[in-house]
**Student:** 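First, the structure itself, so that you have it in front of you.
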There are 2 protein chains.
Amino acid sequence: MQAELAPITAKINSIYPLPQAELQLLVDSLERVTYPKNQLIICTTKVENHLYFIAKGIARAYCHAENQQVTFWFGQETDLILSYHSYINQQPGYENIELLENGILYRISDQALQSLYQNHINLANWGRKFVELELIKTEERLINRQFKSAAERYQELLAQSPSLLKRVSLKHIASYLGVTQVTLSRIRAER
Amino acid sequence: MQAELAPITAKINSIYPLPQAELQLLVDSLERVTYPKNQLIICTTKVENHLYFIAKGIARAYCHAENQQVTFWFGQETDLILSYHSYINQQPGYENIELLENGILYRISDQALQSLYQNHINLANWGRKFVELELIKTEERLINRQFKSAAERYQELLAQSPSLLKRVSLKHIASYLGVTQVTLSRIRAER
DNA sequence: TGAATTATTTAACATTTGTTAAAGGATGCC
DNA sequence: GGCATCCTTTAACAAATGTTAAATAATTCA
């Protein structure tokens with residue numbers, strides 16, 4: 001359905017403008033799939049060979065540590081779901097990615113995407129630019145964690161992604177911010 | 001000098017194997033430069049328009065926060081120095097990168113690199129792969145900071161990069177690990 | 001609807017890490 | 001060599017965050 005895809009193609013072009021022909025090649029490779037809330041899209045036990053654009057829904061990536069889950073990423077409409085570890089190394093990764101709401105996704109097989117990258121230079125550069133932007137975001141989070149208090153990180157998230165707070169449980173927000181639920185509750189009670 | 005470049009070209013090829021012709025194009029674009037210890041290679045006040053391969057030396061990236069410096073990256077021989085923020089957004093970044101030892105670098109202008117990316121598909125894919133690997137490393141550090149204690153992070157760094165500990169002051173190591181010098185001293189004094 | 005589950009808050013206490021200050025070492029430079 | 005500077009450690013205390021447990025609120029599902 002074209003209407004569903006429009007925000008996704010707009011996002012793709014905003015990352016790195018693609019000639020119509022190459023954009024079309026990418027779009028033509030997409031397959032529409034739907035999954036229910038709580039569905040695991042990526043899991044640690046198998047190599048995932050698809051990447052997913054989110055048309056509707058919200059997802060979180062987490063990994064297991066000691067006896068807890070560590071949430072380190074959220075994705076919403078137009079975001080791309082992929083396991084970097086699985087995708088880049090072609091072996092099972094450390095991350096699980098699950099839907100937190102019923103979702104509509106458009107997926108492309110890794111094989112198809114690699115083929116596009118090998119044969120279309122603008123798509124290869126699109127892929128490069130996409131990862132560069134992801135890297136900056138991750139680097140900023142790492143740096144922020146070093147010199148901002150948990151309260152400051154919460155206030156920033158609230159300001160930058162208010163919709164996230166409305167759609168995701170505080171349990172997961174706390175983990176994403178790098179604190180316990182108890183600490184987050186304390187922060188929210190202040191003032 | 002070819003001998004100096006050999007480890008760098010080997011590293012380049014290990015990231016993503018390049019046909020000889022395209023590797024040569026990249027190598028031919030490199031210019032040898034030397035800088036003394038403490039030289040600022042990248043600074044926040046200007047757009048940096050070169051990327052640097054380290055042939056000899058060690059560098060650290062840091063940014064200013066409150067009244068302290070936050071060190072968030074180290075680079076050694078064969079590593080690539082660039083300011084992602086400056087390079088990706090084409091505006092002054094938040095990071096400074098300085099040499100901690102006298103260094104021999106091979107640099108390429110951003111303009112030349114972009115031109116290579118636009119015209120040579122294997123180089124474009126090399127650039128994509130390079131950033132993907134950087135992203136994984138950054139993501140892992142972010143996750144580790146969430147559920148490993150400062151002591152564990154120190155022990156891991158010691159095991160994975162013993163040479164780093166020998167070449168870099170503990171002040172910078174502490175910042176890289178996300179703790180104060182005092183905390184790092186305590187960790188080292190234990191047991 | 002109502003029971004069961006899950007999410008969130010609160011409290012008390014423990015632990016880790018930060019802050020400040022001082023002292024001892026190491027290093028570099030004239 | 002000796003002075004000055006910077007690095008590292010140690011100590012005492014403060015602040016932030018974690019842990020455990022319990023109470024309350026919200027949600028899910030039969």
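Here is how names work: the chains are called A, B, and so on, in the same order as the sequence lines, proteins then strands, and each is numbered from 1.
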**Student:** Just to confirm, is there a sub-4.0 Å distance from OP1 or OP2 of C/dT17 to any side-chain nitrogen or oxygen of B/T180?
**Tutor:** no
**Student:** Taking for each residue the nucleotide of DNA chain C bearing the nearest heavy atom, is the 5' side occupied by B/K37 or by B/T183?
**Tutor:**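 Here B/T183 is the residue nearer the 5' end.
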**Student:** What is the distance, to the nearest angstrom, from the CG atom on A/L177 to the P atom on D/dT17?
**Tutor:**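 Distance, rounded to whole Å: 11 Å.
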**Student:** Without decimals, in angstroms, what is the distance between B/R167 CZ and D/dC7 P?
**Tutor:**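 Rounding to the nearest Å, CZ of B/R167 and P of D/dC7 are 18 Å apart.
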**Student:** When you check the phosphate oxygens OP1 and OP2 of D/dT8, does a side-chain N or O of B/S185 lie under 4.0 Å from one of them?
**Tutor:**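 No, outside the criterion.
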**Student:** Nearest-Å distance, CG (A/N102) to P (D/dT28)?
**Tutor:**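 Nearest whole value for this atom pair: 11 Å.
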**Student:** Got a second to check how far B/E22's CD is from B/N125's CG, nearest 0.5 Å?
**Tutor:** 9.5 Å
**Student:** So, does B/S169 get its side chain near the phosphate of D/dC7, meaning an N or O under 4.0 Å from OP1 or OP2?
**Tutor:**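 False: B/S169 side-chain N/O out of range (4.0 Å or more) of D/dC7 OP1/OP2.
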**Student:** Specify the separation, in whole Å, of atom CG of A/L100 and atom C1' of D/dT27.
**Tutor:** 15 Å
**Student:** Once you round it to whole Å, what is the distance between C1' of C/dT19 and CD of B/Q68?
**Tutor:**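 One finds 12 Å between C1' of C/dT19 and CD of B/Q68, rounded.
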**Student:** Can you confirm whether the side chains of B/E4 and B/Y106 place a donor and an acceptor under 3.5 Å from each other?
**Tutor:**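 Note: B/E4 and B/Y106 side chains meet the donor-acceptor criterion.
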**Student:** Output the single nucleotide from D/dT17, C/dT10, D/dT9 whose closest atom is nearest the side chain of B/Q181.
**Tutor:** D/dT9
**Student:** Can you check the A/E101 CD to D/dT27 C1' distance for me, whole Å?
**Tutor:** 15 Å
**Student:** Consider only side-chain N and O atoms of A/S83 and A/E95, and report whether a donor and an acceptor are under 3.5 Å apart.
**Tutor:**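 There is such a pair between these side chains.
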**Student:** Consider the side chain of A/A150, meaning its heavy atoms from C-beta on, and name the nucleotide among D/dT9, D/dT17, C/dT10 that approaches it most closely.
**Tutor:**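 Among the listed nucleotides, the one closest to the side chain of A/A150 is D/dT17.
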**Student:** Counting just side-chain N and O atoms, does A/R188 come under 4.0 Å of either OP1 or OP2 of C/dT9?
**Tutor:**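 Yes.
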**Student:** Measure across B/T71 and B/S175 and return the closest heavy-atom pair with its distance rounded to 0.1 Å.
**Tutor:** N-OG, 2.7 Å
**Student:** Round to the nearest Å and state the distance from A/L184 atom CG to C/dT8 atom P.
**Tutor:**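 My rounded result for the distance is 9 Å.
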**Student:** Can you measure B/R186 atom CZ to D/dA11 atom P for me and round it to whole angstrom units?
**Tutor:**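 Taking CZ of B/R186 and P of D/dA11, I get 11 Å after rounding.
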**Student:** Of the candidate nucleotides C/dT8, C/dT19, D/dT8, which contains the atom at the shortest distance from the side chain of A/K171?
**Tutor:**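 For A/K171, the side-chain atoms sit closest to C/dT8.
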**Student:** Pairing donors with acceptors under 3.5 angstrom, does anything connect the side chains of B/Y154 and B/R188?
**Tutor:**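 Yes, because at least one side-chain N or O of B/Y154 sits under 3.5 Å from a partner of the opposite role on B/R188.
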